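Both counts, for ligands and for their atoms, begin at 1 and track the order of listing. None of the values given here were measured: they were computed from a predicted structure.
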Amino acid sequence: MNKARKLIIAGNWKMNKTVAEALDLVKGIKRELANIKEVDIVVCPPFTALSDVSKAVLNTNIRLGAQDMSEHNFGPHTGEIAAGMLKEFSVRYVILGHSERRQYQKETDDLIAKKALAALAASLKPIVCVGEMLADREAGRTELVLRTQLRGSLAGLSAEQMEETIVAYEPVWAIGTGKNATPQQAQEAHAFVREQLAAMFDGTVARRVRIRYGGSVKPSNARELMSQPEVDGALVGGASLEDRGFSDIVKNSI
Ligand code: PGA
């Protein structure tokens, strides 16, 4: 597939996998995807498996991501994990503002922006998630929601920092539901996100930033979604928990 930007496909394992299961999964992914150079491949295990998975992916084409981090660098923040701690395990990417955290941990755009700045200061690449709920889409508020989330969650980033950042468009109604956005819906939303980035930063930055789609990506719909010109990759939840499913998504996207 001829793309303007290199595809990036990440598995978000969420709160799944013991260390043993994580190692098993990553072993399968390594075997299936050993020769792939066309796509940046990332796995995002739970914190507890980062140490072992980081050793398992050493000197491979698989990169490591975390699912969240604190906006603080250290101190009295019980239960939190700082960017510097992730760096100890060669983590390169960190998912921020996933809709599950926005919904259940009440994360705000303001907090997500602080986390993004802390990640960038530690040379981690933030994957900032945005996306509308079903009620927003049905009420014609998709663009308003995306504009508000982008302006809030990326507030304070310089143009250089934005280029290091990845945006994930994840319509909440498509996450874990089996009902993916149509390729046209994804393309339209991504084009809108890019337009907003051009307005917030500039055209060059907007053209360089990778915008990936998330929400019920599977081997059967990956090719059509990834072939949309504005779609630069995928953030995969459910289908990333099994080596064949995740690997087939990557292979079908090339
Ligand atoms: P899903 O999750 O692939 O299971 O829909 C996507 C995500 O939450 O990133």
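Listed by number with element, the atoms of ligand 1 under 4.0 angstrom from any heavy atom of I175 are 2 (O), 5 (O), 8 (O). Residue contact check: H98 has heavy atoms under 4.0 Å from atoms 7 (C), 8 (O), 9 (O) of ligand 1. Residue G176 has at least one heavy-atom neighbour below 4.0 Å for each of these atoms of ligand 1: 1 (P), 4 (O), 5 (O). Close approach of ligand 1 to E170 is summarised as follows: ligand atoms under 4.0 Å from at least one heavy atom of the residue are 6 (C), 7 (C), 8 (O), 9 (O). Set against the non-hydrogen atoms of G238, the atoms of ligand 1 under 4.0 Å away are 1 (P), 3 (O), 4 (O). Atom numbering of ligand 1 starts at 1 in the shown order; those under 4.0 Å from a heavy atom of G215 are 5 (O).
At least one donor-acceptor pair under 3.5 Å links the side chain of S240 to the backbone N or O of G237. D232 places a side-chain N or O within donor-acceptor distance of the main-chain N or O of I211, the cut-off being under 3.5 Å. Between the Q228 side chain and the E224 main chain, a donor and an acceptor come within less than 3.5 Å of each other.
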Is there a side chain to side chain donor-acceptor pair (under 3.5 Å) between S153 and D109 once you walk through the steps?
CA-CA 4 Å; S153 314; D109 289 326; 2.9 Å; yes
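Among all non-hydrogen protein atoms, the one lying nearest atom 3 (O) of ligand 1 is G237 N, 2.8 Å.
Heavy-atom neighbours of K6 NZ from other residues, nucleotides or ligands within 6.0 Å: above the threshold of 12.
Within the 4.0 Å heavy-atom shell around ligand 1 one does not find G178. For S216, the heavy-atom gap to ligand 1 drops under 4.0 angstrom. The closest approach between a heavy atom of K218 and any atom of ligand 1 is not below 4.0 Å.
Side-chain contact check for S123 versus K87: some heavy-atom pair is nearer than 4.5 Å.
A single hydrophobic cluster is seen to contain both I95 and I8, as judged by linkage of ILVMFWY side chains at heavy-atom distances under 4.5 Å, directly or through other members. Taking hydrophobic clusters as Ile, Leu, Val, Met, Phe, Trp and Tyr residues chained together by side-chain heavy-atom distances below 4.5 Å, L25 shares a cluster with V57.
A side chain to side chain donor-acceptor pair (under 3.5 Å) with N221 holds for exactly one of N252, T182, N180; it is N180.
Backbone and side-chain nitrogen or oxygen atoms of E100 are examined, and none is located within less than 3.5 angstrom of a nitrogen or oxygen of ligand 1.
Here N12 has side-chain heavy atoms under 4.0 Å from ligand 1, and that is the only part of it that gets that close. At a heavy-atom cutoff of 4.0 Å, ligand 1 is contacted by the backbone of A174 but not by its side chain.
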